[in-house]
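So the structure is just underneath, and the comments pick up after that.
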Amino acid sequence: MHTDDIFRVTVNGIKVGKAYKDTSIERFSQKSEDKRTIDFWMEHRIYNDNNGYEVGYFRITSVIPNSDVPQYYYGRFHIRLRKENGFWKITQDWDISSINGIKITEEDFKKGTLSNLD
């Protein structure tokens, strides 16, 4: 999913290449009983033959075992993609949970759903 030289930026800092991939493998290989899903909506998508750029919002839904109450985490992302050997891979990934000090909310995420386009 990511290029070998992935450039990942979060509020916690920058990770590049193997350092980011190793952290991701460790994080996602840990056994968890939580049920998680992620939903996206794209605000902008621009592509040419071998490069792409996408901006959008995401919602992570997590349900902890023995609880029927979902927890939500919202954010905005920017990614740059490059086609390598016929496959699109992420070369740069940046996301945030607030813009100018204002937390991204369910209302922000819902701006991209069809139900809000009437």
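By convention here, the first residue in the shown sequence is residue 1.
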Rounding to 0.5 Å, atoms CZ (F109) and CG (D39) come to a distance of 5.0 Å
Determine, step by step, whether F58 and Y73 satisfy the side-chain contact (heavy atoms from CB on, under 4.5 Å) criterion, reporting the C-alpha distance in whole Å, the side-chain angles of both residues, the deciding distance to 0.1 Å, and the verdict. CA-CA 8 Å; F58 64 89; Y73 176 82; 3.6 Å; yes
Matching residue for Y53 among H44, Q92, H78 - test: side chain to side chain donor-acceptor pair (under 3.5 Å): H78
Using a strict cut-off of less than 4.0 Å between a Lys/Arg side-chain nitrogen and an Asp/Glu carboxylate oxygen, indicate whether D95 and R8 qualify as a salt bridge. yes
ring-ring contact (aromatic ring centres under 6.0 Å, His included) filter on Y57, not counting sequence neighbours, yields W41
Linking I/L/V/M/F/W/Y whenever any side-chain heavy atoms sit under 4.5 Å apart, do V16 and W94 land together? yes
Could R76 and E43 be called an ion pair, given the rule that one side-chain N must be under 4.0 Å from one carboxylate O? yes
Checking the side chain of T91 only, and the main-chain atoms of R80 only, is there a donor and an acceptor separated by less than 3.5 Å? yes
Would M42 and F77 satisfy side-chain contact (heavy atoms from CB on, under 4.5 Å), going step by step from the backbone distance to the final call? CA-CA 9 Å; M42 304 305 184; F77 66 88; 3.4 Å; yes
Is there a path of hydrophobic side-chain contacts, each under 4.5 Å between heavy atoms of I, L, V, M, F, W or Y residues, that connects Y47 with F40? yes
Shared hydrophobic cluster, I38 / I79 (ILVMFWY, side-chain heavy atoms < 4.5 Å): yes
So CG of N50 and CD of E84: to nearest 0.5 Å the spacing works out to 10.0 Å
In this structure, CZ of R45 is separated from CD of E54 (nearest 0.5 Å) by 4.0 Å
Using only atom types and a distance under 3.5 Å, with no angle test, would you say the side chain of D108 pairs donor to acceptor with the backbone of T105? yes
Checking side-chain contact (heavy atoms from CB on, under 4.5 Å) for the pair F7/D93: CA distance, chi angles, key distance, verdict? CA-CA 6 Å; F7 185 80; D93 186 354; over 6 Å; no
Can I get a per-line list of side-chain donor-acceptor pairs under 3.5 Å for residues 96-104, giving both atom names and the distance, sequence neighbours left out?
none

Verify salt bridge (Lys or Arg N to Asp or Glu O under 4.0 Å) between D5 and K18, making sure each step is shown before the conclusion. CA-CA 7 Å; D5 62 346; K18 187 174 178 350; over 6 Å; no
Looking at CD1 of I90 and CE of M1, how far apart are the two atoms once the value is rounded to the nearest 0.5 Å? 5.5 Å
Apply side-chain contact (heavy atoms from CB on, under 4.5 Å) to residues D68 and V63 and explain how you reach the verdict. CA-CA 7 Å; D68 292 331; V63 179; 5.7 Å; no
Atom pair CZ (R82) and OG1 (T3), whose distance is rounded to the nearest 0.5 Å: 5.0 Å
Ion pair present between K110 and E106, side-chain N to carboxylate O less than 4.0 angstrom? yes
Could you give the distance from CH2 (W88) to NZ (K83), rounded to the nearest 0.5 Å? 5.0 Å
